[in-house]
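Take a look at the structure set out below.
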Amino acid sequence: MIVWLNGTHGAGKTTTSALVQRLLADSRVFDAEKVGETLMDITPALPGPGSDNFQHWPPWRPLVVETARRVLDYTGGTLIVPMTVLVEPYWREICTGLARHAIPVRHFVLHADQVTLRGRIEGDTVLGPSAFRLAHLEPYAEAARTWLHDEAEVVDTTRLTPAQAAQRIAEAVEN
């Protein structure tokens with residue numbers, strides 16, 4: 001099974017995924033961003049829409065599916081994937097690919113209001129404030145309004161600690 005933690009930057013995906021992993025037996029965290037980073041390291045650069053967002057490169061989505069499939073074939077259990085996907089056709093491509101391999105997906109969106117998200121990003125002491133991360137707040141809000149919240153179990157992290165969010169997700173997965 002895959003437990004996909006979606007949501008924009010600052011929602012708590014990375015922190016929450018590590019906590020969910022501790023709560024779910026036989027689970028591992030798979031950071032699909034590493035697949036994108038590998039593509040970004042190819043030289044010369046891949047052709048296409050630029051290197052600022054690897055999700056736009058056609059190889060990224062099937063490579064995420066194939067990597068997840070291979071890891072699950074090797075280890076079994078549950079993969080927890082903390083990864084923002086805001087483009088609906090990209091999400092559909094990933095889900096369809098996983099379904100072809102009979103891999104069930106529990107899709108959660110970690111949500112927080114815009115003021116909270118902006119504050120978290122601007123106050124991030126690990127990564128620091130980030131124009132890139134701030135630029136994704138509006139695309140997230142648009143995806144949430146148009147399709148994303150209808151496709152997932154929404155966990156509002158505005159007033160939750162990461163541990164509380166992780167507990168809710170783990171309980172939902174186990175029930």
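All residue numbers refer to positions in the sequence shown, counting from 1.
- Considering NE2 of His56 and CG of Leu39, their distance stands at 13.5 Å, rounded to 0.5 Å.
- When all heavy atoms of Ile169 and Phe108 are compared, the pair lying nearest together is CG2-CE1, 3.8 Å.
- Every residue two or more places apart in sequence or in another chain that forms a side-chain hydrogen bond (donor to acceptor under 3.5 Å, both in side chains) with Thr116 is listed here: Asp113.
- Thr67 places no side-chain N or O within 3.5 Å of a backbone atom of Val64 that could act as its donor or acceptor partner.
- The structure places CD of Glu171 at 4.5 Å from CD of Gln167, a figure rounded to the nearest 0.5 Å.
- Within the model, atoms CZ of Arg100 and SG of Cys95 stand 11.5 Å from one another, a figure rounded to the nearest 0.5 Å.
- Taking the side chain as every heavy atom from C-beta outward, Thr146 and Glu88 never approach each other to under 4.5 Å.
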Please assess Thr78 against Arg106 for the test side-chain contact (heavy atoms from CB on, under 4.5 Å), listing each intermediate value before the final yes or no.
CA-CA 10 Å; Thr78 300; Arg106 288 292 296 269; over 6 Å; no
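- Residue Ala144 comes nearest to His149 through the heavy atom pair CB-NE2, 3.5 Å, listed as atom of the first residue, atom of the second, then distance.
- The hydrophobic clustering, which links ILVMFWY residues whose side-chain heavy atoms are closer than 4.5 Å, places Tyr90 and Val81 together.
- One finds the CD atom of Glu33 at 9.0 Å from the CE atom of Met40 (value rounded to the nearest 0.5 Å).
- The aromatic rings of His111 and Tyr140 lie tilted to each other, with the angle between the two planes from 30° to 60°.
- Across all their heavy atoms, Ala112 and Arg120 have their closest contact at CB-NH1, 3.9 Å.
- Scanning both residues, Leu148 and Asn6, for their nearest heavy atoms gives CD1-ND2, 3.5 Å.
- Val29 and Met83 are members of different hydrophobic clusters when ILVMFWY side chains are connected at heavy-atom separations under 4.5 Å.
- Atom OG1 of residue Thr75 and atom CZ of residue Arg70 lie 13.0 Å apart, to the nearest 0.5 angstrom.
- One N or O on the side chain of His107 and one on the backbone of Glu151 form a donor-acceptor pair closer than 3.5 Å.
- Side-chain N or O atoms of Glu122 include none that pairs as donor or acceptor with a backbone N or O of Pro129 at under 3.5 Å.
- Using bins of under 30°, 30° to 60° and over 60° for the plane-to-plane angle, the ring pair Trp60/Phe54 lands in the tilted bin.
- Contact check on Glu142 versus Arg145 returns a salt bridge, with a Lys/Arg side-chain nitrogen under 4.0 Å from an Asp/Glu carboxylate oxygen.
- Contact detail for Pro82 and Ile80: the closest heavy-atom pair is CD-O, 3.4 Å.
- Residues Leu160 and Leu23 do not share a hydrophobic cluster, defined by chaining ILVMFWY side chains whose heavy atoms lie under 4.5 Å apart.
- Annotation: side chain of Leu117 is not in contact with side chain of His9 (no heavy-atom distance under 4.5 Å).
- A pairwise comparison of heavy atoms in Leu46 and Trp57 identifies CD1-CE3, 3.7 Å as the closest pair.
- Hydrophobic clustering keeps Met1 apart from Phe30 (ILVMFWY residues linked when any side-chain heavy atoms are closer than 4.5 Å, directly or through intermediates).
- Here Arg69 pairs with Asp73 in a salt bridge; the nearest charged N to carboxylate O distance falls below 4.0 Å.
- A salt bridge is absent between Glu153 and Arg168: the closest approach of a Lys/Arg side-chain nitrogen to an acidic carboxylate oxygen does not fall below 4.0 angstrom.
- When His136, Gln55, Lys13 are each tested for a side-chain hydrogen bond (donor to acceptor under 3.5 Å, both in side chains) with Thr84, only one passes: Lys13.
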Applying side-chain contact (heavy atoms from CB on, under 4.5 Å) to Asp124 and Arg133, what does each step give before you reach the verdict?
CA-CA 11 Å; Asp124 191 324; Arg133 294 168 77 204; 2.9 Å; yes
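- A distance of 13.0 Å separates CD1 of Ile42 from CD of Glu37, quoted to the nearest 0.5 Å.
- Put simply, the side chain of Thr16 never gets that close to the backbone of Ala166: no donor and acceptor are under 3.5 Å apart.
- With respect to Leu110, the side-chain contact (heavy atoms from CB on, under 4.5 Å) criterion is satisfied by exactly one of Thr157, Asp156, Thr8, Thr15: Thr157.
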Starting from the C-alpha separation in whole Å, work towards a yes-or-no answer on side-chain contact (heavy atoms from CB on, under 4.5 Å) for Leu137 and Ile121.
CA-CA 10 Å; Leu137 293 181; Ile121 292 168; 3.9 Å; yes
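- Cluster membership check: Val87 shares its hydrophobic cluster with Leu63, using side-chain heavy-atom separations under 4.5 Å among Ile, Leu, Val, Met, Phe, Trp and Tyr.
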